[in-house]
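Report on one structure; see the data block that follows.
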Amino acid sequence: MTVRVGINGYGTIGKRVADAVSKMPDMELVGVAKITPDYGALIARSKGYRLYTLSDRLDLFRKKGIEVDGTIEDLLSEIDVIIDTTPGGYGLRYKGLYRKYSVKMIFQGGEKPEVADISFNTLCNYRDAIGRESVRVVSCNTTGLLRLICTLNSYYPIERVRAIIIRRAADPKEIKRGPVNAIVPNPISIPSHHGIDVKTVLPWLDIITSAVIVPTTLMHVHIVNIWFKEKINIEYIIEALEHNERIALIDSRVTGIKSTAEIVEVARDLGRYRYDVPELIVWKDSLYVNGRELMLIQAVHQESIVVPENIDAIRALMRIVDDPMESFKLTNKVLGIKGRLI
Ligand SMILES: NC(=O)c1ccc[n+]([C@@H]2O[C@H](COP(=O)([O-])OP(=O)(O)OC[C@H]3O[C@@H](n4cnc5c(N)ncnc54)[C@H](OP(=O)(O)O)[C@@H]3O)[C@@H](O)[C@H]2O)c1
């Protein structure tokens with residue numbers, strides 16, 4: 001079965017998910033929708049993607065000489081699944097239209113959890129998403145936390161998690177966001193929404209997070225403290241992390257990679273497309289184990305970490321793969337995700 005997929009919103013996440021869908025053997029990218037006739041539209045066309053927009057925007061594209069294949073309604077009439085990658089809050093506004101065309105819906109982390117039947121992470125709750133009408137792929141920070149938590153929880157049951165989120169201020173393309181010269185608690189009150197968002201997937205988990213925004217665009221960093229129900233062994237923790245292809249352990253003592261800047265430099269030098277790092281990066285030499293307690297430092301490439309989860313969500317909604325690991329492995333193979341940075 002080939003699933004016909006449309007993407008509404010061709011920005012940071014939408015363009016990456018579009019490229020990923022177009023590579024999958026069991027999916028067809030029917031087209032992408034956006035509202036501004038700009039360089040993004042020209043790039044979509046240059047890749048051979050069919051381009052759609054709102055009916056009242058068609059003229060704007062035509063005036064700029066950018067060919068459009070139709071309206072969002074035309075796109076919806078040709079697909080099985082819509083991936084909504086519009087800015088947070090817009091997905092809910094589109095939901096009625098998507099429903100009218102009886103398409104399955106995938107929303108992103110900027111939407112409120114209530115937008116979809118369930119919040120989704122492949123390793124935590126793939127089976128719960130099978131055959132649903134809609135899912136919400138949680139945000140980049142939440143995806144990073146969930147990948148770690150569900151991986152470790154399958155080795156040792158977790159009692160509680162406390163995490164500090166050091167957030168990038170903006171994506172590299174954004175020119176209107178900050179801060180430029182400040183560290184901003186986000187919010188000052190604790191907990192931040194990140195732990196609450198983790199609980200939309202793992203309601204049983206005792207987790208509290210706090211966050212600050214810093215003036216950087218490359219990646220987020222998390223300092224994570226986990227208490228397990230039993231005494232843990234560091235070798236077993238390392239084995240769990242090494243076993244997950246969507247987690248890349250790096251050792252700064254061996255590689256010299258001590259910052260997000262150097263992670264991105266490696267990705268650039270390796271010729272990774274857009275320097276994307278969809279793997280969760282965990283510093284092996286940050287691991288601190290004492291009895292039941294673990295602390296570590298991890299980095300999240302916000303622009304690309306949710307891409308593989310969006311692909312798995314399509315297979316779950318469309319019931320084309322029942323086994324989470326089968327989808328997980330196929331997505332990783334096609335996207336070249338191998339559990340290591342270098
Ligand atoms: N960026 C991240 O780090 C990140 C990480 C994980 C999850 N997310 C989530 O992913 C979602 C998308 O974020 P993003 O960063 O990709 O946003 P973005 O870069 O601003 O892209 C949004 C896209 O949606 C289009 N758009 C805006 N209004 C629209 C409308 N009414 N109808 C159709 N398309 C519309 C924009 O079109 P034009 O370009 O034509 O104006 C743009 O292509 C959000 O929920 C966000 O929270 C973002």
Side-chain angles (χ1 to χ4, degrees), residues 6-20 31-45 49 51-58 60-61 64 66 68 70-76 82-98 105-116 119-121 134-147 165 167-177 193-194 197 211 213 216-221 260 274-278 280 299-310 313:
I7 315 255
N8 188 18
Y10 192 68
T12 301
I13 303 300
K15 63 187 176 186
R16 288 174 167 83
V17 175
D19 291 346
V32 301
K34 75 190 295 303
I35 58 169
T36 312
D38 59 5
Y39 68 92
L42 293 168
I43 291 170
R45 289 234 68 100
Y49 296 163
L51 187 60
Y52 298 82
T53 192
L54 301 175
S55 51
D56 60 1
R57 314 283 290 186
L58 285 166
L60 287 177
F61 281 77
K64 285 205 175 177
I66 300 174
V68 179
T71 62
I72 290 185
E73 288 81 358
D74 294 328
L75 175 62
L76 289 168
I82 186 79
I83 304 190
D84 184 289
T85 50
T86 56
Y90 280 85
L92 182 61
R93 297 190 213 171
Y94 274 106
K95 191 171 176 183
L97 181 66
Y98 299 157
M105 302 166 251
I106 297 175
F107 298 98
Q108 306 304 309
E111 300 297 323
K112 294 216 163 75
E114 301 73 47
V115 75
S119 293
F120 177 83
N121 177 272
S134 60
V135 298
R136 165 179 168 266
V137 173
V138 292
S139 75
C140 45
N141 280 308
T142 310
T143 297
L145 288 169
L146 284 169
R147 274 200 201 157
I165 316 286
R167 299 183 62 180
R168 62 88 179 98
D171 287 341
K173 70 168 186 185
E174 290 176 313
I175 57 175
K176 291 183 182 164
R177 288 180 65 175
H193 73 273
H194 307 90
D197 204 27
I213 306 180
T216 179
T217 63
L218 300 177
M219 300 179 83
H220 305 292
V221 166
T260 54
R274 299 192 178 101
Y275 71 72
D276 280 352
V277 184
L280 172 70
V300 170
H301 183 230
Q302 75 279 355
E303 296 173 281
S304 63
I305 193 168
V306 297
V307 173
E309 269 72 7
N310 270 278

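Counting starts at 1 for both ligands and their atoms, in listed order. What you see is a predicted model; the values in this text were computed from it and never measured. Below, each value reflects all heavy atoms present in this structure, side chains not excepted, and no hydrogens, waters or symmetry copies.
Residue Thr85 is tested with Val32, Asn8, Thr12, Ile13 for a side-chain contact (heavy atoms from CB on, under 4.5 Å); the sole match is Ile13. Applying side chain to side chain donor-acceptor pair (under 3.5 Å) to Asp197 and the options Asn141, Thr142, Thr143 leaves one that passes, Thr142.
Within 4.0 Å of ligand 1, heavy atoms belong to protein residues Asn8, Gly9, Tyr10, Gly11, Thr12, Ile13, Lys34, Ile35, Thr36, Thr85, Thr86, Pro87, Gly88, Tyr90, Tyr94, Gln108, Gly110, Cys140, Arg168, Asp171, Lys173, Gln302.
In this structure, Arg16 contributes its side chain and Val307 its backbone to no donor-acceptor pair below 3.5 Å.
Ion pair Asp19/Arg274 flagged as a salt bridge, since at least one NZ, NE, NH1 or NH2 atom sits closer than 4.0 Å to an Asp/Glu carboxylate oxygen.
Residues that satisfy the side chain to side chain contact (heavy atoms under 4.5 Å, CB included) test with Ala41, not counting sequence neighbours, are Lys34, Asp38, Leu51, Phe61, Ile66.
A donor-acceptor contact closer than 3.5 angstrom is absent between the side chains of Asp74 and Tyr52.
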